[in-house]
There are 2 protein chains.
Amino acid sequence: MLGVWRLQLLREISRRGSIKAAAEAMSITPSAVSQQLAILEREAGVELLEKSGRRVRLTDAAQLLVRHADTITGAIAAAEADLASMQQLVIGTLRVAAFPTAARAILPSVMTALSRQHPALRVTLRDLEAAESLTALQMDEIDLAIVDEYDEPARVSDGGLEFCEFMRDPLYLALPPEESSTPSPALRASPVAGAAVRLSDYRDSFWIMDTEDSHLGQVTLRACRSSGFEPHVRSNCKDFSVIIALVEAGLGVGMLPGLAIHDRPVRASIHPTEPPLARRIASVIRPERRSHPMIVSALAELERFGAAYAQPRLS
Amino acid sequence: MLGVWRLQLLREISRRGSIKAAAEAMSITPSAVSQQLAILEREAGVELLEKSGRRVRLTDAAQLLVRHADTITGAIAAAEADLASMQQLVIGTLRVAAFPTAARAILPSVMTALSRQHPALRVTLRDLEAAESLTALQMDEIDLAIVDEYDEPARVSDGGLEFCEFMRDPLYLALPPEESSTPSPALRASPVAGAAVRLSDYRDSFWIMDTEDSHLGQVTLRACRSSGFEPHVRSNCKDFSVIIALVEAGLGVGMLPGLAIHDRPVRASIHPTEPPLARRIASVIRPERRSHPMIVSALAELERFGAAYAQPRLS
DNA sequence: TCAGCTAGGAAGCTGAACTTGATTTGCGTA
DNA sequence: TACGCAAATCAAGTTCAGCTTCCTAGCTGA
């Protein structure tokens, strides 16, 4: 019979593209992987690897086996999840990845709540952009990914992952504080704090934008254009704290997601837009772990955070 | 991670009901099974076996694991089948079980055809009644079962097995040969050879029946009753050859399936009934092996036999 | 009550799977 | 073209999982 361990090694080679990388991922030596695959080839009766330069390439038969290895591994994981859910035991290590803003604004409270509820649970956190965390999830390097989505749910190549939107994060327009000398060319009365504003009212302001290749940058740009103007971009900054600082200094206006100013005092005037803009925040898991109590608890906690966050609160 | 080998041992205990039996099935010692299950309990973190007299009983958690073990084993088997079908290799050992009549009438020609087509294929045959071969299939003691079905497809507890009817076997009424002195109380002109007859025409004959608990016996009895009479049963015989001999000796009439007189000279007058009666003959496999070339070839050969058999042929 | 059967623990053995270290082969670079 | 590095693989030695054998404990039926 085909050895499951060997199949998992093959799977890892397929994921990571080289024997060395697979070996590192499974924390054994490349030599061991090479030997195990030689055995698997005997078991299967087919060539599985062919040399391609100084690397290896998977044959068709190997790719077939990788697909099967995925379902086999999934079935084992499902058994473990069922077992854990039967015992209602929330123990072990939950590996979470979140995009940076979420890692700062959401995860601290969620992690403390989780470890208060389940003292035996260890939660580790990495901050990864959405796309990175999805591949990490597929690589089985993390158990739970928190991603942001700006456009409509694309999820074409979701690779069998399970998405669950647990909150929406409104996008706000940040205006320089009242007292600051606004360098905006147009003089205007500042709107009432917290009142919705139209982007087109700031067609003549300088704009502090996220980087062009970021989702938020593109969404902002598109929103300005569909409001009928091309923004005067004064600077492109990746880090929201920098954007906040520039707006606070009165150097322009900028779009900020709510989480970026959540639980953080900001000396700027924050306004929802009309029409409202928002990004969706979703949890992503591997479906076979859906019933794992560790996952169930974490998702519940995220839902709770999302519900609390939905209460309007403007600084 | 849960050890697959251990899960399979647990599965075998569940199937066979004792550690000893499971150990024999896997050809290791009971002690080894006991040790592996102790390890599996540690892996799972749950009690899996509880003593019940001098045997063991599976806990709920264990039964949950058995179900998962089934799907895992199925997934591995599917991988192997896919692998073999990719290579189009028909090698190995095909273990067949068939009910006795089929074992005599169908399997010899099918087996010779198979081993002619695929010299590397070994075919082994056991004769088992339908119910026995189904459990053997679930026990993974055979790869292919040939069963007969008299009633409408029940298949309630088919246990995830896959049935495929490949032929129908008509039931014939066997009458004593012309020249024999018929001890039947009623004098009548014998029907034209091969012509359909009505059971009610033989309400006054003696009947040679299959055993009462056999399917054929019950079907015959029911047919007689629905033709409006209770047959005078002269003897109940399990073996069709005995029934044939008795009819040949002129001691009565009897129902015989076509296969029982297939390719075998019979000195009796064989007649289809009006309305016609038949049993269905089906192949049964485990679904995960459906695409295995060994199975594919065997099923094709059975279909071929069924098609040839369907040509009317009466002795 | 005892003989027979099943489950399971202890000790020792075997082989599968790993590591280490040397070798081969391909690729980029001086 | 030669050199060095990187990746795979081979050979030899080592470790440990999983087996057997032998034994004990406990249930069951004669």
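Throughout, a chain's letter reflects where its sequence line sits, starting with A, and its residues are numbered from 1. Model, not experiment: these values are computed from the prediction. Just the heavy atoms: all of them, side chains too, but no hydrogens, waters or symmetry mates, feed the values below.
Among the nucleotides dA8(D), dA17(C), dC18(C), the one closest to the side chain of Ser18(A) is dA8(D). If you check dC18(C), dC27(D), dA7(D) against the side chain of Arg54(B), the one that comes closest is dC27(D). When distances run from any side-chain atom of Arg6(B) to the nucleotides dC18(C), dG18(D), dT20(C), the shortest one goes to dG18(D). Of the candidate nucleotides dA7(C), dT20(D), dT9(D), dT20(D) has the atom nearest to the side chain of Ala32(B). Here the side chain of Ser34(A) is nearest to one of dT21(D), dC18(C), dT9(D), namely dT9(D).
For the pair Thr29(B) and dC19(D), the criterion of a side-chain N or O lying under 4.0 Å from OP1 or OP2 is not met. Between Trp5(A) and dA17(D), a side-chain N or O to OP1/OP2 separation shorter than 4.0 Å is absent. Between dG8(C) and Lys51(B), a contact under 4.0 Å exists linking OP1 or OP2 to a side-chain N or O.
Straight-line distance from the NZ atom of Lys20(A) to the P atom of dC5(D): 14 Å, rounded to whole Å. Separating the CG atom of Leu37(B) from the P atom of dC19(D) is a distance of 11 Å, rounded to the nearest angstrom. The distance from atom CD of Glu41(A) to atom P of dT9(D) is 8 Å, rounded to the nearest whole Å. Rounded to whole angstrom, the span from the CZ atom of Arg57(A) across to the C1' atom of dA7(D) amounts to 16 Å. Spacing between atom CD of Gln36(A) and atom C1' of dA8(D) amounts to 15 Å, rounded to whole angstrom units. Summarising the geometry, the separation between CD on Glu24(A) and C1' on dA6(D) is reported as 12 Å, rounded to the nearest angstrom. dG18(D) atom C1' lies 15 Å from atom CD of Gln8(B), rounded to whole Å. Across the protein-nucleic acid pair, Ile28(B) atom CD1 and dG8(C) atom P stand 14 Å apart, rounded to whole Å.
Nearest-nucleotide positions on DNA chain D place Ile39(B) closer to the 5' end than the other of Ile39(B) and Ser31(B). Nearest-nucleotide assignment on DNA chain C puts the 5′-proximal partner with Val33(A), out of Gly53(A) and Val33(A).
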Can Val96(A) and Arg126(A) be said to form a side-chain contact (heavy atoms from CB on, under 4.5 Å), step by step?
-> CA-CA 6 Å; Val96(A) 183; Arg126(A) 298 168 58 184; over 6 Å; no
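Side-chain atoms of Asp82(A) and His68(B) include a donor-acceptor pair closer than 3.5 Å. Side-chain polar atoms of Gln35(A) and Ser31(A) form a donor-acceptor pair below 3.5 angstrom.
Within the 4.5 Å cutoff, the side chain of Thr73(A) has heavy atoms near those of the Arg11(A) side chain. Looking only at side-chain heavy atoms (C-beta outward), Thr59(B) and Leu49(B) stay at 4.5 Å or farther from each other.
When heavy atoms are screened at a 4.0 angstrom cut-off, Gln35(B) is found touching base atoms of the nucleic acid.
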